[in-house]
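Structure, as structure tokens:
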Amino acid sequence: HREIVEFLLDHRADPAYRSYPFQESLLTFAEDRGHDDVAEVLRRRLSSRFAIASGTQAIIAAAADGNVAVVETELARNPGLARASNETGDTPLHQASRNGHLPVVRALLAAGADVDTVRGDGYRPLHCALMPNWFFQVDLKARKEIVDLLITRGARYTIFVAALRGDEQFVRDTLARDHSLANFED
């Protein structure tokens, strides 16, 4: 299987693909089925795209749950986890932003989390904070504070982000400079 996987990846197959609806990664599929050679190929390709590190599962789960104590414990154990991702580019900051956990976002940023790291689906933490979460009701005040904090900390502010925030002036000014950005996708 290794050769066909390499061929597909060489022809732009996405190694960060997740299955629908269970969100399992290709790497998980390969590992669970004992395809160690395929897993090694996927790991190598994914590592060139994401800051993959072992031990991210616990901190990502804690960030998603808003458990700042566990996040801080994991960061004390390994400060590099603030910038680390899993095999699809998901980071603790993505999950804390998505679920509206402002104290966790603050802790991760203080530890050096990258505000503009991109997941396999193209989402940055800012997108996660801005987009509706259909599974978990997020306090709108917390979501706004997270968005503002990420922008203050240097998150890229694009026409897409401005439109999601209702920033009509930024959208108008941007389109006045370059009307082709009307179809821009972040």
Side-chain angles (χ1 to χ4, degrees), residues 14-33 39 42-43 46-47 49-158 160-161 164-165 186:
D14 184 3
Y17 172 81
R18 285 183 176 257
S19 69
Y20 180 83
F22 301 108
Q23 298 296 300
E24 293 176 292
S25 71
L26 295 176
L27 181 58
T28 299
F29 279 129
E31 290 172 339
D32 288 353
R33 289 158 181 81
L42 290 169
R43 235 183 259 100
L46 291 164
S47 293
R49 187 169 164 193
F50 304 121
I52 297 175
S54 60
T56 58
Q57 187 174 3
I59 192 168
I60 290 173
D65 291 340
N67 191 332
V68 72
V70 171
V71 167
E72 289 173 341
T73 298
E74 290 295 308
L75 290 171
R77 182 182 61 77
N78 180 356
L81 290 174
R83 298 180 72 82
S85 74
N86 66 13
E87 71 276 7
T88 59
D90 206 17
T91 68
L93 187 58
H94 282 98
Q95 288 301 310
S97 298
R98 176 180 178 262
N99 293 333
H101 300 306
L102 184 59
V104 175
V105 168
R106 284 188 179 126
L108 291 165
L109 291 173
D114 181 356
V115 296
D116 266 338
T117 189
V118 180
R119 290 192 315 205
D121 61 4
Y123 272 29
R124 296 179 286 127
L126 185 56
H127 297 124
C128 294
L130 283 166
M131 301 301 279
N133 183 339
W134 306 113
F135 303 104
F136 183 78
Q137 186 64 36
V138 176
D139 175 5
L140 293 178
K141 182 176 184 255
R143 181 179 298 240
K144 182 185 179 325
E145 288 182 51
I146 290 170
V147 168
D148 291 345
L149 179 59
L150 293 171
I151 291 169
T152 299
R153 287 307 217 41
R156 206 162 40 98
Y157 197 77
T158 63
F160 178 77
V161 170
L164 286 173
R165 293 186 79 207
D186 204 355

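Treat the numbers as computed from the prediction; the structure is a model and nothing was measured. Note that the numbering runs from 1 along the sequence shown for the chain.
Note that the CG atom of Leu42 and the OH atom of Tyr17 stand 13.5 Å from one another [nearest 0.5 Å]. Between the NE2 atom in His127 and the OG1 atom in Thr158 there is a gap of 5.5 Å [rounded to 0.5 Å]. A distance of 10.0 Å separates CD1 in Ile59 from CD in Glu72, rounded to the nearest 0.5 Å. Residue Arg106 holds its CZ atom at 10.5 Å from CZ of Arg153, rounded to the nearest 0.5 Å. The CD1 atom of Ile60 sits 11.0 Å away from the CD atom of Glu74 when rounded to the nearest 0.5 Å. One finds the CE atom of Met131 at 11.0 Å from the CG atom of Leu126 (value rounded to the nearest 0.5 Å).
Judged by distance alone, the side chain of Arg119 and the main-chain N or O of Gly89 form no donor-acceptor pair under 3.5 Å. Put simply, the side chain of His94 never gets that close to the backbone of Cys128: no donor and acceptor are under 3.5 Å apart.
Shown here for Ala129 and Val147, the closest heavy-atom pair between the two residues is CB-CG2, 3.7 Å. Of all heavy-atom pairs spanning Val115 and Gly154, the tightest one is CG2-C, 3.7 Å. Between Leu81 and Ser54, the shortest heavy-atom contact is CD2-O, 4.1 Å. Listed here is the closest heavy atom pair of Gly112 and Arg83: O-NH1, 2.7 Å. Contact record, Ala84 with Pro92: O-CD, 3.6 Å, taken as the closest heavy-atom pair. Here the closest heavy-atom approach between residue Val68 and residue Pro103 is recorded as CG2-O, 3.9 Å.
Leu150 is listed as a side-chain neighbour of Leu93, based on a closest heavy-atom distance under 4.5 Å. In this structure, the side chains of Leu27 and Arg43 come closer than 4.5 Å at one or more pairs of heavy atoms.
With salt bridges taken as basic N to acidic carboxylate O contacts below 4.0 Å, one links Asp148 and Arg165. Taking the charged nitrogens against the carboxylate oxygens, Lys141 and Asp139 have no contact shorter than 4.0 Å, which rules out a salt bridge.
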Check your understanding: Step by step, would you call Ser85 with Thr117 a side chain to side chain contact (heavy atoms under 4.5 Å, CB included)?
Key -> CA-CA 9 Å; Ser85 74; Thr117 189; 5.8 Å; no
Exercise for review: Apply side chain to side chain contact (heavy atoms under 4.5 Å, CB included) to the pair Leu102 and Leu149, showing each step before the final yes or no.
Suggested key: CA-CA 9 Å; Leu102 184 59; Leu149 179 59; 4.1 Å; yes
Check your understanding: After noting the C-alpha distance and the side-chain angles of Leu108 and Leu75, does the key distance pass the side chain to side chain contact (heavy atoms under 4.5 Å, CB included) rule?
Key -> CA-CA 8 Å; Leu108 291 165; Leu75 290 171; 4.2 Å; yes
Point to revise | side chain to side chain contact (heavy atoms under 4.5 Å, CB included) evaluation trace for Phe29 with Glu24 | key: CA-CA 7 Å; Phe29 279 129; Glu24 293 176 292; 3.7 Å; yes
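Heavy-atom contacts from other residues, nucleotides or ligands closer than 6.0 Å to CZ of Phe50 number more than 12. Other residues, nucleotides and ligands place more than 12 heavy atoms under 6.0 Å from the CD atom of Gln23.
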